[in-house]
Amino acid sequence: MVTPPSRHWLVKSEPSVFSIDDLQKAGRESWDGVRNYQARNFMLEMRPGDLVLFYHSNASPSGVAGIARVTREARPDPTARDPESPWFDPRASEERPIWQMVELEFVQKLPRLLPLGELKRTSGLEGMEVNRKGSRLSVQPVTPEEFRIVQDLADRPAPKEG
DNA sequence: GCCAACGTTGGC
DNA sequence: GCCAACGTTGGC
């Protein structure tokens with residue numbers, strides 16, 4: 001399948017580990033520790049300037065919390081070759097680093113967190129990977145239209161239950 | 001904390 | 001190459 005170059009993405013992070021507030025404080029952050037081939041391959045497609053939805057997973061509620069921007073393209077993830085790192089991978093070498101990381105910078109915290117349940121109920125977002133049951137992909141492409149819809153949603157008050 | 005869904009590993 | 005077992009992710 002041929003996919004057109006994407007310039008919009010979604011990354012997941014557990015806020016108890018690293019939240020949008022942490023990214024704001026840090027300003028920029030190396031997105032290391034990704035240990036999934038599909039996620040790595042998407043990071044290889046990332047380019048500086050690409051916009052990223054910052055998703056809080058394993059949270060209450062989980063959902064899109066903010067926006068980030070890619071500031072550096074993929075390069076070898078040094079934590080893969082650091083025996084002290086929780087993400088150490090003994091198979092990684094200088095010639096064959098296996099794992100990659102990008103760098104992200106804080107852009108904004110959304111006016112309100114957009115819960116997963118609301119994303120699922122929003123027309124136009126049916127195709128989003130994060131909406132699929134059992135989806136575990138931590139780096140995923142998002143279409144420009146989906147990105148825009150999510151941004152617009154955050155500017156509106158939360159819909160009433162029902 | 002539970003557990004379904006998933007990706008990876010390894011025996012065969 | 002198949003697939004069961006395992007460890008992990010992530011919604012709830």
Side-chain angles (χ1 to χ4, degrees), chain A residues 1-3 6 8-24 26 29-46 51-68 70 74-104 106 109-143 146-147 149-151 153-154 156-162:
Chain A
M1 184 174 84
V2 179
T3 34
S6 174
H8 297 81
W9 309 92
L10 180 148
V11 301
K12 295 180 185 174
S13 184
E14 299 193 22
S16 62
V17 177
F18 193 84
S19 69
I20 188 69
D21 293 326
D22 294 324
L23 182 62
Q24 180 162 27
E29 185 75 9
S30 285
W31 212 247
D32 56 16
V34 174
R35 294 295 179 267
N36 169 281
Y37 288 103
Q38 211 181 341
R40 179 204 64 182
N41 292 344
F42 283 132
M43 287 202 299
L44 286 167
E45 294 180 30
M46 287 182 168
L51 292 173
V52 181
L53 298 174
F54 195 100
Y55 180 90
H56 282 175
S57 61
N58 252 313
S60 39
S62 296
V64 179
I67 295 176
V70 177
R75 63 198 155 105
D77 178 349
T79 64
R81 299 186 55 218
D82 175 5
E84 302 299 306
S85 169
W87 300 296
F88 177 62
D89 184 343
R91 301 169 303 167
S93 64
E94 185 167 9
E95 315 78 61
R96 190 169 162 275
I98 307 180
W99 303 113
Q100 303 274 318
M101 64 181 189
V102 293
E103 184 186 75
L104 301 180
F106 176 82
K109 194 170 169 176
L110 292 183
R112 65 186 179 94
L113 183 125
L114 291 174
L116 178 60
E118 190 176 339
L119 298 181
K120 288 187 170 175
R121 281 183 270 110
T122 300
S123 151
L125 301 183
E126 299 85 357
M128 282 185 81
E129 170 71 23
V130 76
N131 282 339
R132 284 200 13 233
K133 183 181 178 184
S135 171
R136 293 169 55 169
L137 189 56
S138 64
V139 178
Q140 49 186 271
V142 164
T143 69
E146 288 162 347
F147 192 94
I149 291 172
V150 168
Q151 251 187 328
L153 260 188
R156 304 177 169 280
K160 281 195 288 186
E161 294 298 320

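Residue numbering restarts at 1 for every chain, and letters A, B, ... go by the order of the sequence lines. No hydrogens, no waters, no symmetry mates; every other heavy atom, side chains included, goes into these values.
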- Query: Just how far, in rounded Å, is C1' of B/dG7 from CZ of A/R40?
  - Reply: 14 Å
- In whole angstroms, how far is the P atom of B/dA5 from the CG atom of A/N36? 19 Å
- Message: If you define the side chain from C-beta out and look only at heavy atoms, does anything of A/Q140 sit under 4.5 Å from A/K12?
- Response: yes
- Message: For A/F18 and A/W31, take the angle between the two ring planes, folded into 0 to 90°, and tell me which bin it lands in: parallel under 30, tilted 30 to 60, perpendicular over 60.
- Response: perpendicular
- Item | Length of the NZ-C1' vector between A/K12 and C/dG11, whole Å | 10 Å
- Is the shortest side-chain N/O distance from A/Y37 to OP1 or OP2 of B/dT9 below 4.0 Å? no
- A/M128 and A/L10, any side-chain heavy atoms less than 4.5 Å apart: yes
- Query: Can you tell me if A/S30 and A/D32 form a side-chain donor-acceptor pair at under 3.5 Å?
  - Reply: no
- Message: Rounded to whole Å, how long is the line connecting atom CG of A/L137 with atom P of B/dG7?
- Response: 8 Å
- Expressed in angstrom and rounded to an integer, what is the separation of A/L113 atom CG from C/dG11 atom P? 11 Å
- Note on the structure: Side-chain atoms of A/L116 come closest, of C/dC12, B/dA5, B/dG7, to C/dC12
- Whole Å only: how far is the CG atom of A/D89 from the P atom of B/dG7? 18 Å
- Message: I need the CZ-P distance between A/F42 and B/dG7, as an integer number of Å.
- Response: 12 Å
- Please determine, for the side chain of A/S57, which listed nucleotide (B/dT8, C/dG10, C/dC12) has the closest atom? C/dG10
- Task: Take A/N58 and A/R132, find for each the nucleotide of DNA chain B with the closest heavy atom, and name the residue whose nucleotide sits nearer the 5' end.
- Result: A/N58
- Message: With a 6.0 Å cut-off on the ring centroids, do A/W9 and A/F54 count as close?
- Response: no
- Does the side chain of A/K133 get closer than 4.0 angstrom to OP1 or OP2 of C/dG11 through an N or O atom? no
- Does A/S62 have a side-chain nitrogen or oxygen under 4.0 Å from the phosphate oxygens OP1 or OP2 of C/dG10? no
- Find the distance A/K120:NZ to C/dG10:C1' and express it as a whole number of Å. 11 Å
- Task: Give the nucleotide from the list C/dG10, B/dT9, B/dG7 with an atom nearest to the side chain of A/R91.
- Result: B/dT9
- For A/S135, report the nucleic acid contact type (base, sugar-phosphate, nothing); a contact means any heavy atom under 4.0 Å. sugar-phosphate
- Counting heavy atoms from C-beta on, name the nucleotide in B/dT9, C/dG11, B/dG7 closest to the side chain of A/Q38. B/dG7
